[in-house]
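Proteins come first, then strands; the chains are lettered A, B, ... in the order of their sequence lines, and each starts at number 1. A quick note: this is a predicted structure, and the numbers were derived from the prediction, not measured. Scope of the values below: all heavy atoms of this structure, side chains included, with no hydrogens, waters or symmetry mates.
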Protein chains: 2
Amino acid sequence: METIKVILVDDHKIFRDGFRLLLQSFPYVDVICEASNGLELLKVLEDNIPDIIFMDINMPHVDGVEASKRALEKYPDLKIIALTTFLDDDYLEQMLMAGVEAYMLKNADIEEFEKAILKVYSGGNYFSAEIVALLSDKLNILRSRKVQQMELPVFTDREKEILELICKGFGNKEIAEKIFISPKTVEKHKSSLFQKTGVLNTVNLVIFSFKHQIVDF
Amino acid sequence: METIKVILVDDHKIFRDGFRLLLQSFPYVDVICEASNGLELLKVLEDNIPDIIFMDINMPHVDGVEASKRALEKYPDLKIIALTTFLDDDYLEQMLMAGVEAYMLKNADIEEFEKAILKVYSGGNYFSAEIVALLSDKLNILRSRKVQQMELPVFTDREKEILELICKGFGNKEIAEKIFISPKTVEKHKSSLFQKTGVLNTVNLVIFSFKHQIVDF
DNA sequence: TTGAACAATAGGGAAATCCCTACTTCGGAA
DNA sequence: TTCCGAAGTAGGGATTTCCCTATTGTTCAA
């Protein structure tokens, strides 16, 4: 089996030392470098391209989120495994958006790390059980948000038509031309929409529509 | 330990028999009823309220998705564990939207079922490893879609701050008061935002932000 | 150290939006 | 039939937003 080249990024040397020790129990893993923050990582990457980066999130100077983004921008083939000491909802999302392949707690056991490395190396993803729980909670939140959208006001056909056009970004004049009525009439329909939804201007009407998923984008 | 009341819903009697047998190895689980499709389940529920429903997805008459929706509408406290023979992307999403607490493959092992029951009974979620893989793939798709959307413009801190407030529905005057600058200055920042995003007015700026998930709601 | 570039501030005038009022049409109830 | 309410139409005047211009302060490189 070929060796998997790994870089560790964490601001605590003790953690890096311990983690390197742990990784040494996998003969096919080779820790080629370390970095103590995002900036250092970017410098290191100029001369050393690993297969996998273990990336801490909380770090001085350039944190894990930013470092991941920049690293992937320059080297899109990098695989990044995010490491965190605790479950932070916000970071999870940011790291996923940054494009990491895996997200684990630092106190995972050795089998989990092995699974993660092999999975990621072969092009997959890995999320530890706690993360999955968080994700599924999130999904549930999404669901309940969708369910509780009731008692929406009743719009007339014309109002619905105009609301759609508003949410596509058209102004009063443009809408008027499109449906062959006076801009003044468009304004009147908008007033009715304001009243029914309880908002005070077009911007808030659009926000209302997106929030209640009356229109989709 | 109190007993956990369970109902099985599946159109194959053989599977129900086998599954009941499996569940009997948990002394704290009591299979109080069975149903062979969604309609039957709804009838059964009139006299029997379980803690957990094991719900097959592919069924005649009323399928698992519809049955889950209707059951949860009438009895919102029900916990539903969705069962499927294969990984179907589409059903997964539909079942999650319907509000199930767990989603598992039928050929999961006994330990997994135990985990799922206990997790769900105590108010949590459970998704088997294969489902998680699917979910994480989905997330990755979302991410890569986001990346290739377009390179988002770079906003200054002040611009980000104002964009947030705009998307919360505040007008120029209100924003000005909130951050202690002149309404005119707010307008200037908005102009910059217009230019950077390529839109022509506030409404379109809000639409842009929601579409590109720059702000979340 | 002196520009150059950029962020943040703000004013004046033009344009779009918002509020109030009013007219027409049409379908159902008295 | 007549009347009333709801939906669709539109105008005048106030308000807000938008565009152009301009000043100040900061950073960074020549």
Students often get this wrong, so: under 4.0 angstrom with heavy atoms, is [X] touching a base, only sugar-phosphate, or nothing?
X	result
B/T156	sugar-phosphate
A/T185	base
B/T202	sugar-phosphate

So that I can tick it off, tell me whether B/K190 and B/E159 are bridged by a salt bridge, with the cut-off set at under 4.0 angstrom between side-chain N and carboxylate O.
no
SB check A/E73 A/R70 (cutoff 4.0 Å):
no
Expressed in angstrom and rounded to an integer, what is the separation of [X] atom [atom1] from [N] atom [atom2]?
X	N	atom1	atom2	result
A/E187	D/dG12	CD	P	13 Å
B/D157	D/dT26	CG	P	16 Å
B/N172	D/dT15	CG	C1'	12 Å
A/Q195	D/dA6	CD	P	12 Å
B/R158	D/dT26	CZ	C1'	15 Å
A/I179	D/dG8	CD1	P	10 Å
A/I181	D/dG8	CD1	P	9 Å
B/K173	D/dC18	NZ	P	15 Å

Does [N] have OP1 or OP2 sitting under 4.0 Å from an N or O in the side chain of [X]?
X	N	answer
B/K190	D/dC18	yes
A/H189	D/dA7	no
B/S191	D/dC20	no
A/K188	D/dG8	no

Taking heavy atoms of chain B and a 4.0 Å limit, find me the 5'-most and 3'-most nucleotide of DNA chain C within that range.
C/dA7 to C/dG13
Would you say the ring centroid of A/F26 lies under 6.0 angstrom from that of A/F113?
no
Of all the heavy-atom pairs spanning A/K168 and B/I207, show the shortest one and how long it is.
C-CD1, 4.0 Å
Work out which heavy atom in B/E174 is nearest to a heavy atom in B/G169; give both atom names and the distance.
OE1-O, 4.3 Å
Do A/Y75 and A/I49 have side-chain heavy atoms sitting under 4.5 Å apart?
yes
Closest-nucleotide 5' rank along DNA chain C - winner of B/I162 and B/N201
B/I162
On the ring face of A/F170, is A/K178 found with NZ or CZ under 6.0 Å from the centre and within 45° of the axis?
yes
